[in-house]
Amino acid sequence: MSLNKLRNIGIAAHIDAGKTTVTERILFFTGTNRKTGETHDGAATMDFMKQEQERGITIASAAITCKWDDHQINLIDTPGHVDFTIEVERSLRVIDGMIAVFCAVGGVEPQSETVWNQADRYRVPRIAFINKMDRTGANFEEAVNQMNKYLDANAVPLQIPMGAEDNYLGTIDIVKKIAYTFENNLRNEIEIPAEYIEAVNSARNFLVEKLADFNDEIMEYYFDGKEISADMLMNACRQATLKLLITPVFCGAAYKNIGIQLLLDAVVNYLPSPIDVGVVIGHDMNVEDKTHTRNPSNNESFSALAFKLINDPYVGQQTFIRIFSGKLVNGMQIYNSSKLKYERVGRIFRIKAKEREEIHEAGAGEIVALVGMKFTKTGDTLCDPDNQLLLESIHIPVSVIELKIQPAKQKDKEKLGEALSKLVNEDPSFKARFDEETEETIISGMGELHLEIIVDRLKDEFKVDVEVGEPSVAFRETITEIVESNYKHSKQTGGKGQFAHTLIRMEPNSGNGYEYVNLIKGGTIPGEYIPSVDKGIRKIMDRGILAGFPIVDVKVVLFDGAYHPVDSSDMAFQVCAQECFKQGFKKAKPVLLEPMMKIEVNTPDEYIGDVVGNLNRRRGKIESMRRYRKGSQKIIGLVPLMEMFGYSTQLRNISSGRANYSMEFYKYMLLPIAVQEDVLKNLEAKKQNK
């Protein structure tokens, strides 16, 4: 198939906007499925995990291939819940275009903004679909206004609805000036009803004026008063969409099969093919600041990005990749330039949600799954061994909540370790570690639901019954003062001894993570031991010093030291660096950092005082309030995660069940000293009780 006729697209939105229902209707109308599956029945094709079917939400992004109007569409359905934002992040890294789904009642909601910002980061062209036009309270114009106000989307309707709520009759295409009704899964063209002609002309003029800003030909026709053809408008719309200058807006009611065929036409007409996206840029493996380009062609050297791992009970680990250039063939040797390892391609699959079709080769632009990868993880670059390059990886959000777990039966200890290892491989936003001091396994993730799903999967998928502690906050440790630390490690044990001497300067490095600078001159420490110091420091930073939490935002400068020609070794310098860092850390006024969350609460007007008061008592800071819909306000603010356990129950009580909220990680901030003292006392008390 010609690459011009390929579309790699994602569907993303806030939870409950109807993404999975839209996807199910797309699969039905493209003939991929013979009947539609519903999320509320647990029968959606794309929600095939047991946990998704039980909860009626999407947890893992799922890929599927379908065909429309002689085009192949590779479609990825992503979760709307903020706890699974990594799934959206990695999907956006490999798709070319996106359908952003909005609820006609809710408009722009918290996760809509998160998804939009993620798409901005990867510069993904997108179209918008205002769904649920048949629902009570549906307001197309308000949803479009919110897109412009809160997302800076430059949203331009290419359709307007005929009616709304119970009177929603269908859709009018303002480009072609055709009205459509939808009955018995068929779209019917009708004359535009007289009462909508003025609205259609007004919307078309608005579209022309917008496009005239970006297109000289449209501007010329507009000023000359010439008739602008539908084809000319469509072509100008496509170019403006691909350049992220506008967001075309469409509407419908997916549950009632209204507007889906027109949305598929829009995917073909306005979203990019791999050819439109053009060259991919990768970094040279040996020369800093040197880049290489790869065109989306089977004739180029092979390059691909691994964006997802799934553990399949039948075929083992599946590694999902997006091929940017070249051809991949069964049995071919490829190079993982992220891990500096060679891999052999075992089997290649084209994926249809939980089903798979084995193929023998795949080309540029395709999204496929590989079986047999030994070293490849999420974000790794795969390339031709003779033409190596390193592609931009995937942004991994930090984990902010922890849970202590242990196997219900001691004999399952090893089984638990293996299961956690597979889950960590699959999900880079999930972490697991074993605390040797307390002999506990600690798992951490993006939120309570994220960890709840992990525990469910341990029991259902891996058959490991676990006992679970209370969720707790994943604090971080850092320093607030510049200090110098000097430590000499010297041990004689009868044979070869151990000797290392390091002098380091430690500086706060707010927001910039860990930085290691080597200023050794004159060979006071040999070159082969410089990385050993870094390795030792990294190990102790993972374990923490103040309270066992990972250490962040510290700059370490190695400026002097000494070695022994016989007794010095890699291990001696690692041990020395750890003790040197530890002593310096304790002198540098260490503090705890806590995760701050961005919170949005939607509440009826009569409960605003109670909701704001409750957030203030939780050390929250209100940043703004805005009208959500008639009679309701949206409260936006920052609040510490440690104060938010049990909030959903309290909010329900305060608002008689009428308010709802959404929360996502914002950044780590300094924990107030008084609160820090309480946290450290509580942690110490828990240790004593063990």
Report the residues that fulfil ring-ring contact (aromatic ring centres under 6.0 Å, His included) with Phe549, sequence neighbours left out, ordered by chain and then residue number.
Phe475

Roughly how far apart are Ser444 OG and Arg433 CZ, rounded to 0.5 Å?
7.0 Å

Is Arg126 salt-bridged to Asp120, cutoff N-O under 4.0 Å?
yes

Between Asn614 and Arg618, is any side-chain donor less than 3.5 angstrom from a side-chain acceptor?
yes

Flag the pair Glu664 and Lys598 as a salt bridge only when some basic side-chain nitrogen lies within less than 4.0 angstrom of an acidic carboxylate oxygen.
no

Pair Lys539, Gln574: side-chain N/O donor-acceptor within cut-off below 3.5 Å:
yes

Among side-chain atoms of Asn509 and Asp553, is any donor-acceptor pair under 3.5 angstrom?
no

Given salt bridge (charged side-chain N to carboxylate O under 4.0 Å, His left out), test Arg538 with Asp542 step by step and report yes or no.
CA-CA 6 Å; Arg538 284 178 186 273; Asp542 287 342; over 6 Å; no

Evaluate the criterion salt bridge (charged side-chain N to carboxylate O under 4.0 Å, His left out) for residue pair Glu418 and Lys413; output intermediate values, then yes/no.
CA-CA 9 Å; Glu418 288 170 6; Lys413 202 171 181 181; over 6 Å; no

Phe102 and Trp116 aromatic ring geometry - parallel, tilted or perpendicular at 30°/60° bounds
tilted

Step by step, would you call Met596 with Tyr668 a side-chain contact (heavy atoms from CB on, under 4.5 Å)?
CA-CA 6 Å; Met596 293 296 286; Tyr668 271 93; over 6 Å; no

Atom NZ of residue position Lys667 - does it have more than 12 heavy atoms of other residues, nucleotides or ligands inside 6.0 Å?
no

Which residue pairs pass the side chain to side chain donor-acceptor pair (under 3.5 Å) test when at least one of the two sits in residues 638-648, sequence neighbours left out?
Arg619-Glu643

Can you confirm whether Asp152 is buried at CG, in the sense that more than 12 heavy atoms of other residues, nucleotides or ligands lie under 6.0 Å from that atom?
no

Do you know which of Asn425, Thr381, Asn336 makes side-chain hydrogen bond (donor to acceptor under 3.5 Å, both in side chains) with Thr376?
Asn336

In the structure I gave you, are the side-chain heavy atoms of Ile321 and Ile367 within less than 4.5 Å of one another anywhere?
no

